[in-house]
*Asks:* 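Have a look at the structure that comes next, please.
For the numbers below, each heavy atom of this structure counts, side chains included, while hydrogens, waters and symmetry mates do not. The shown structure was predicted, so the numbers you read here are calculated from the model rather than taken from an experiment.
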Amino acid sequence: HHALTPRQTVTLSAFQNDIDDLIEFDFGTSQTINVGEARIRGVEAGYHYTGEYWRARVEAIAQDPENSITGDPLPRRARHSLTSSMSRDFGPYQLGADLLLTGERKDSDFTDTVMGGYGLVNLTAAARLGTEWTLRGRVENLFDKDYVIADGYNTAERAYFLQLAWQAAE
């Protein structure tokens with residue numbers, strides 16, 4: 001076993017997406033709606049770190065998603081979001097955490113409802129069981145955050161997942 005030289009990557013991207021005939025489903029009215037023209041401009045910044053025992057990732061987006069015809073914000077698209085994850089190896093074991101933060105969003109073009117921003121924390125764990133088997137566990141929405149991604153529709157409460165995976169040895 002040899003030491004891994006840490007790798008770090010920093011990214012910065014500017015983007016503009018021009019979309020014609022964007023079709024969206026509006027949960028508030030249970031109708032499919034057509035946005036004639038949409039434009040999404042923004043900036044995305046990221047940082048990735050890979051070391052011998054640690055891995056980390058942070059990505060942030062600031063964007064302006066708008067209906068090009070009306071100038072209104074596109075529904076259900078936050079102007080700001082941040083995702084991050086960090087994990088640490090302990091021999092055959094790995095522990096990690098994810099964080100998702102998203103800003104407020106307008107629910108639909110048919111209502112004035114604005115859905116609040118929210119933050120979610122997920123935990124992960126894995127154990128290598130020999131060379132071919134891995135046991136993984138995940139807790140999503142660790143703090144049982146009450147949030148919505150579409151007004152009037154419930155989202156998942158805290159959830160637990162367990163996976164046993166097999167991969168042939170090389």
*Asks:* Quick one: CG on Leu120 to NZ on Lys145, what's the gap to the nearest 0.5 Å?
*Replies:*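 If we round to the nearest 0.5 Å, Leu120:CG and Lys145:NZ are 8.5 Å apart.
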*Asks:* Measure the spacing between OG1 of Thr102 and CD1 of Ile149 and express it to the nearest 0.5 Å.
*Replies:* 10.0 Å
*Asks:* Quick one: pull up CD in Glu157 and CG in Asp146 and give me the separation to the nearest 0.5 Å.
*Replies:* 8.0 Å
*Asks:* State, to 0.1 Å, how close Ala38 and Leu74 come at their nearest heavy-atom pair, and which atoms those are.
*Replies:* CB-CD1, 3.9 Å
*Asks:* List in chain and number order the residues that pass ring pair (Phe, Tyr, Trp, His ring centres under 6.0 Å) with Tyr47, two or more places apart in sequence or in another chain; answer none if no residue qualifies.
*Replies:*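 Per chain and number, Tyr47 pairs via ring pair (Phe, Tyr, Trp, His ring centres under 6.0 Å) with no residue.
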*Asks:* As an exercise, state the distance from OG of Ser85 to CZ of Arg55, rounded to the nearest 0.5 Å.
*Replies:* 9.5 Å
*Asks:* Take a 6.0 Å sphere around CG of Asp144 and say whether it holds more than 12 heavy atoms from other residues, nucleotides or ligands.
*Replies:* yes
*Asks:* So which heavy atom on Arg105 is nearest to which on Gly116, and how close?
*Replies:* NH1-O, 2.9 Å
*Asks:* Got a sec, which residues hit salt bridge (Lys or Arg N to Asp or Glu O under 4.0 Å) with Arg79, two or more places apart in sequence or on another chain?
*Replies:*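 Expected list: Asp64.
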*Asks:* Determine which pairs satisfy side chain to side chain donor-acceptor pair (under 3.5 Å) with at least one residue from residues 91-101, sequence neighbours left out, and list them in order.
*Replies:* Asp89-Gln94, Asp98-Arg138
*Asks:* Please find the pair of heavy atoms, one from Thr124 and one from Ala97, that lie closest to each other, and give the distance.
*Replies:*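 So the minimum-distance heavy-atom pair works out to OG1-N, 4.4 Å.
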*Asks:* Taking all non-hydrogen atoms of both residues, which atom of Leu129 and which atom of Leu164 are closest, and how far apart?
*Replies:*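 Leu129 and Leu164 have their closest heavy atoms at CD1-CD1, 4.2 Å.
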*Asks:* Not counting sequence neighbours, which residues clear side-chain contact (heavy atoms from CB on, under 4.5 Å) with His48? List them please.
*Replies:*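 side-chain contact (heavy atoms from CB on, under 4.5 Å) check on His48 returns Thr9, Arg57, Glu59.
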*Asks:* Does Glu132 have more than 12 heavy atoms from other residues, nucleotides or ligands lying within 6.0 Å of its CD?
*Replies:* yes
*Asks:* Can you name the side-chain contact (heavy atoms from CB on, under 4.5 Å) partners of Val121, sequence neighbours left out?
*Replies:*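 Expected list: Leu99, Leu142, Phe143.
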*Asks:* For residues 12-19, which side-chain donor-acceptor pairs fall under 3.5 Å, sequence neighbours excluded?
*Replies:*
unit_1: Gln16; atom_1: OE1; unit_2: Arg41; atom_2: NE; d: 2.7
unit_1: Gln16; atom_1: NE2; unit_2: Asp18; atom_2: OD1; d: 3.3
unit_1: Gln16; atom_1: NE2; unit_2: Asp18; atom_2: OD2; d: 3.1

*Asks:* Step through the shown structure and confirm whether more than 12 heavy atoms of other residues, nucleotides or ligands are within 6.0 Å of CD on Gln8.
*Replies:* yes
*Asks:* If you take all heavy atoms of Arg136 and Ala165, which pair is closest and at what distance?
*Replies:* NH1-CB, 3.4 Å
*Asks:* In Å, rounded to the nearest 0.5 Å, how long is the span from CD of Glu104 to NE2 of His80?
*Replies:*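 Going from the CD atom of Glu104 to the NE2 atom of His80 covers 10.5 Å.
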